[in-house]
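Heads up, the thing below is written out as structure tokens.
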Amino acid sequence: MASFTVVVGDPDSGSSYQLEAEEQDANRFIGKSIGEEVDGGAVGLDGYTLEITGGSDEAGRPLNQAVAGSNLKEVLMDGRQTGYKPSRDGERRRITVRGREVSDAVAQINASISERGSSDVDELLGDGDDE
């Protein structure tokens, strides 16, 4: 069974939350691509909608928007892109990346809140200031 670490970013507060999606909840992410929306209930954010913004596999290779599917591919990169920062002008390098589709080989998914629910994120995740 698939399991993912889902890092959810809140654009309004600037906070990020690291959550786990396992078994049935993780299956909601499989087959989705970067830019698609997923129900937040998969990670405990009922009423929220999350947009997939990226991710990486077990080896740390990033998902790349330009590569279709979920397979590994070597891409010649020039200029600053996801997974590559050139050290000088004109430098190019062939980098292995994973396609934009989420599969069971992905270990981490990055997502952003696109639509908010009626409850606050801290209330749903239990991160309130309870003493």
Side-chain angles (χ1 to χ4, degrees):
M1 278 285 174
S3 67
F4 304 115
T5 299
V6 181
V7 179
V8 178
D10 186 356
D12 292 346
S13 68
S15 300
S16 62
Y17 305 92
Q18 189 168 347
L19 309 168
E20 294 293 324
E22 297 178 0
E23 299 178 12
Q24 280 302 105
D25 293 333
N27 289 338
R28 294 184 191 179
F29 289 96
I30 292 183
K32 301 285 185 178
S33 295
I34 294 176
E36 289 189 43
E37 294 185 343
V38 179
D39 179 36
V43 290
L45 295 174
D46 297 323
Y48 281 70
T49 303
L50 306 176
E51 179 184 354
I52 298 174
T53 58
S56 61
D57 64 5
E58 288 98 5
R61 292 179 288 250
L63 299 181
N64 191 311
Q65 180 69 31
V67 179
S70 63
N71 295 330
L72 293 175
K73 185 169 181 179
E74 288 187 348
V75 179
L76 184 63
M77 295 193 176
D78 58 348
R80 188 177 175 109
Q81 297 180 33
T82 302
Y84 178 62
K85 291 190 281 186
S87 58
R88 57 186 166 78
D89 288 339
E91 180 179 8
R92 301 183 311 166
R93 184 165 294 160
R94 194 165 301 278
I95 303 291
T96 303
V97 296
R98 189 161 290 280
R100 65 178 160 253
E101 188 175 305
V102 176
S103 68
D104 59 348
V106 174
Q108 176 182 323
I109 298 172
N110 303 330
S112 178
I113 296 173
S114 60
E115 292 180 25
R116 297 190 166 278
S118 58
S119 300
D120 187 36
V121 177
D122 291 330
E123 291 175 16
L124 290 172
L125 299 177
D127 292 341
D129 294 329
D130 298 327
E131 301 218 7

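We're numbering straight along the sequence, starting at 1.
- E37 pairs by the salt bridge (Lys or Arg N to Asp or Glu O under 4.0 Å) definition with nothing, not counting sequence neighbours.
- Residue pairs satisfying the salt bridge (charged side-chain N to carboxylate O under 4.0 Å, His left out) criterion with at least one member in residues 53-80, sequence neighbours excluded, are listed as follows: D57-R61, D57-R98.
- Within the 3.5 Å criterion, the main-chain N or O of V121 finds no donor-acceptor partner in the side chain of Y17.
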Take V43 and L50 through the side chain to side chain contact (heavy atoms under 4.5 Å, CB included) test and state the conclusion after the steps.
CA-CA 10 Å; V43 290; L50 306 176; 3.8 Å; yes
side-chain hydrogen bond (donor to acceptor under 3.5 Å, both in side chains) between T5 and E20: does it pass, once the steps are laid out?
CA-CA 5 Å; T5 299; E20 294 293 324; 3.2 Å; yes
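- Considering only heavy atoms from C-beta on, Q108 comes within 4.5 Å of N110 through its side chain.
- Cluster membership check: L124 shares its hydrophobic cluster with L19, using side-chain heavy-atom separations under 4.5 Å among Ile, Leu, Val, Met, Phe, Trp and Tyr.
- Hydrophobic clustering, with ILVMFWY side chains joined whenever heavy atoms are under 4.5 angstrom apart, groups V106 together with I30.
- When atom types are taken as modelled, the side chain of E91 and the backbone of S87 share a donor-acceptor pair closer than 3.5 angstrom.
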Test side chain to side chain contact (heavy atoms under 4.5 Å, CB included) on I34 and T53 and set out the steps.
CA-CA 5 Å; I34 294 176; T53 58; 5.6 Å; no
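- Contact detail for I95 and G83: the closest heavy-atom pair is CG2-O, 4.2 Å.
- Side chain to side chain, T82 and Q65 fail the donor-acceptor criterion of an N or O pair below 3.5 Å.
- Side-chain atoms of I109 and V102, non-hydrogen and from C-beta on, do get closer than 4.5 Å to each other.
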